[in-house]
There are 2 protein chains.
Amino acid sequence: MHSFTEENYLKAIYKLQETNGEVVATSALAQVMGVHAPSVTDMLKRMAGKKLVTYQKSKGFKLSEKGKKVAVGIIRNHRLWEVFLVDKLGFRWDEVHDIAEQLEHIHSEDLVNKLDAFLGYPKADPHGDPIPDANGVLPKSKSVLLSTLKAGDEGTFTGVTDHSPAFLNHLDKSGISLGNSIKVKGVEEYDQTYTLQLKGKKEVVVSFKVANSLLVRG
Amino acid sequence: MHSFTEENYLKAIYKLQETNGEVVATSALAQVMGVHAPSVTDMLKRMAGKKLVTYQKSKGFKLSEKGKKVAVGIIRNHRLWEVFLVDKLGFRWDEVHDIAEQLEHIHSEDLVNKLDAFLGYPKADPHGDPIPDANGVLPKSKSVLLSTLKAGDEGTFTGVTDHSPAFLNHLDKSGISLGNSIKVKGVEEYDQTYTLQLKGKKEVVVSFKVANSLLVRG
DNA sequence: AAGTAAAATTAGGCTAATCTAATTTAATTT
DNA sequence: AAATTAAATTAGATTAGCCTAATTTTACTT
């Protein structure tokens, strides 16, 4: 089995590859892992030895198929546990991340699959992030950032790109929840402030910073 | 926070103190931890430094109040997770130990207390072991080994002292389940084989080995 | 009480994962 | 293309947990 540390590296590399492209840099990984660059070089050598990543000196690195499989498994664990914490135990969506970071490392195929069944095979976690199925298949999202919409556009709020409690609490206070239908009433030219019509009810004004962290599906 | 290793040492020391008396020997601990004696000496020095145990060179050691609190917390986690695995996820009672050994190390007071509530504040795990409450209070068991009963005695099957899958499966096959009322019909003089009357139904014969691992409450 | 056996500790090493400081390699600027 | 800057790697240490081999301490036996 892999150590927690290895698993966290794999997860981090996976996410970097998703957002920043195929090949990952030592410094980028060091930053997200909260360690210094030489630690990353070190760790990558070990992981390359285990065929979890392909690594070329000073050229960056990427996950092997094997590494990708492990990474997706961890993400599956993480997101299913988040659903459990919110749906079954009554945690708020801004409280679950740290606990799920621990639970994601529990090693048992049987457990995660039974948990999946218990939760009713959810397709997304409480933040709208898609949950890989038991085969590691992760549906590609069709959502876009709210900040790419123009006045008159409509959509459904499907997820966030910022998972910080601060941001999530701010959304709660603004009365914006996952699944809400949103219509863009207008976009302020000067500072790109968005005026939104929520679910035929409230009208809400959000900053660009917020619009740029909200995912919507047309 | 404490490392998993430390927590496992604490748990092991706690259990040894429970069964073998106040003071624990290096060799005994090494045996249950599956390590060699010098590793124990090493670890104990570190843990003594953290005031988790009181340690006197070559004299044995025992848990401090602080150490005891941590140990009981881990046991609480373990047993609550076992209830979850069996009651909610449908695991069998012989399957849950290894998974609970991992889950017991999740660090979150909030989580364990919410889990407790979700499970309905169970008093015992699927093997009948009592669950400490949120304050670390563990009800003292009033059960005795079936092997201490005589012909004619009655009781309720409340727990096991052997948690091995082999033993638990054997009980399943014999049709003996937690909570069953049991009456001792007779005890064979020659080999201490017990003939039991179960719940007004079946009659079952069990070996001394089995009777010596079953707990009953008069 | 002396001698042996058993238990515990010390000494010295190993690995995973980290660090700082120094060096090398790659990229960018002029 | 040379010089400078930035990124990555190597070198050498550190800590937690573990090991084996050697030594010391305690317990047991006669």
Side-chain angles (χ1 to χ4, degrees), chain A residues 1-13 16-17 19-63 66-67 70-71 74 101-102 104-105 107, chain B residues 1-13 16-17 19-63 66-67 70-71 74 101-102 104-105 107:
Chain A
M1 218 32 50
H2 312 100
S3 70
F4 286 14
T5 307
E6 273 176 350
E7 292 184 351
N8 285 330
Y9 271 89
L10 291 172
K11 190 174 51 149
I13 298 169
L16 284 171
Q17 283 189 217
T19 50
N20 298 17
E22 271 291 279
V23 173
V24 176
T26 302
S27 53
L29 185 49
Q31 216 228 303
V32 305
M33 287 300 295
V35 299
H36 290 224
S39 310
V40 170
T41 301
D42 234 57
M43 190 65 188
L44 283 172
K45 282 193 207 156
R46 275 192 292 273
M47 297 205 308
K50 296 181 182 179
K51 308 281 185 214
L52 292 167
V53 296
T54 60
Y55 169 72
Q56 282 179 293
K57 210 160 106 173
S58 291
K59 289 281 185 180
F61 40 83
K62 54 184 180 178
L63 294 180
K66 185 179 166 194
V70 176
I74 311 264
E101 290 269 301
Q102 298 181 60
E104 72 189 5
H105 299 293
H107 294 131
Chain B
M1 220 28 52
H2 312 101
S3 71
F4 286 15
T5 307
E6 275 175 349
E7 292 183 351
N8 285 330
Y9 271 89
L10 291 172
K11 192 175 50 148
I13 297 169
L16 283 171
Q17 283 191 217
T19 51
N20 299 18
E22 271 290 280
V23 173
V24 176
T26 303
S27 53
L29 185 50
Q31 217 229 304
V32 305
M33 287 299 296
V35 300
H36 290 225
S39 309
V40 169
T41 302
D42 235 57
M43 189 65 189
L44 282 171
K45 281 193 207 155
R46 273 191 293 273
M47 297 205 309
K50 296 181 183 179
K51 310 278 186 217
L52 292 167
V53 296
T54 60
Y55 168 73
Q56 283 179 292
K57 212 159 103 172
S58 291
K59 290 281 185 180
F61 41 85
K62 52 184 181 177
L63 294 180
K66 185 178 166 196
V70 176
I74 310 267
E101 290 269 301
Q102 298 181 57
E104 71 189 5
H105 300 293
H107 293 131

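The sequence lines fix the lettering, A, B, ..., with proteins before strands; numbering per chain opens at 1.
- Other residues, nucleotides and ligands contribute over 12 non-hydrogen atoms within 6.0 Å of the CD atom of A/Glu101.
- Summarising the geometry, the separation between CD on B/Gln56 and P on C/dT9 is reported as 11 Å, rounded to the nearest angstrom.
- Atoms CG (A/Leu44) and P (D/dA7) sit 17 Å apart, rounded to a whole Å.
- Here the straight-line distance linking atom CD1 of B/Ile74 with atom NE2 of B/His105 works out to 6.0 Å at 0.5 Å rounding.
- Of the candidates A/Lys11, A/Arg46, A/Lys50, A/Lys50 is the only one forming a side chain to side chain donor-acceptor pair (under 3.5 Å) with A/Glu6.
- For the OP1/OP2 pair of C/dT9 and a distance below 4.0 Å, the side-chain nitrogens and oxygens of B/Lys45 include no atom meeting the criterion.
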Which parts of nucleotides 15-26 of chain D does protein reach within less than 4.0 Å, heavy atoms only, written one letter per nucleotide 5' to 3' as B for base, S for sugar-phosphate only and - for none?
-SBBBBB----S

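- Rounded to whole angstrom, the span from the NE2 atom of A/His2 across to the C1' atom of C/dT15 amounts to 17 Å.
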Please list every donor-acceptor pair under 3.5 Å in which a side-chain atom of residues 35-44 of chain B meets a protein atom from a residue at least two apart or in another chain.
residue	atom	partner	partner atom	Å
B/Ser39	OG	B/His36	O	3.4

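- At distances below 3.5 Å, not a single donor-acceptor pair connects side-chain atoms of B/Lys59 with backbone N or O atoms of B/Val23.
- Distance CE (A/Met47) to P (C/dT18): 10 Å, rounded to an integer number of Å.
- Remark: the backbone N or O of B/His107 is paired with a side-chain donor or acceptor of A/Gln102 at under 3.5 angstrom.
- Side-chain rings of A/Phe61 and A/Tyr9 stay apart, their centers remaining 6.0 Å or farther from each other.
- Taking a 4.0 Å limit (strictly below) on heavy-atom distances, residues 22-29 of chain B reaches DNA chain C at B/Ala25, B/Thr26, B/Ser27.
- Rounding to whole angstrom units, CG of residue A/Leu52 and P of C/dA17 are separated by 11 Å.
- Judged purely by atom type and a 3.5 angstrom limit, A/Gln17 uses its side chain to pair as donor or acceptor with the backbone of A/Leu63.
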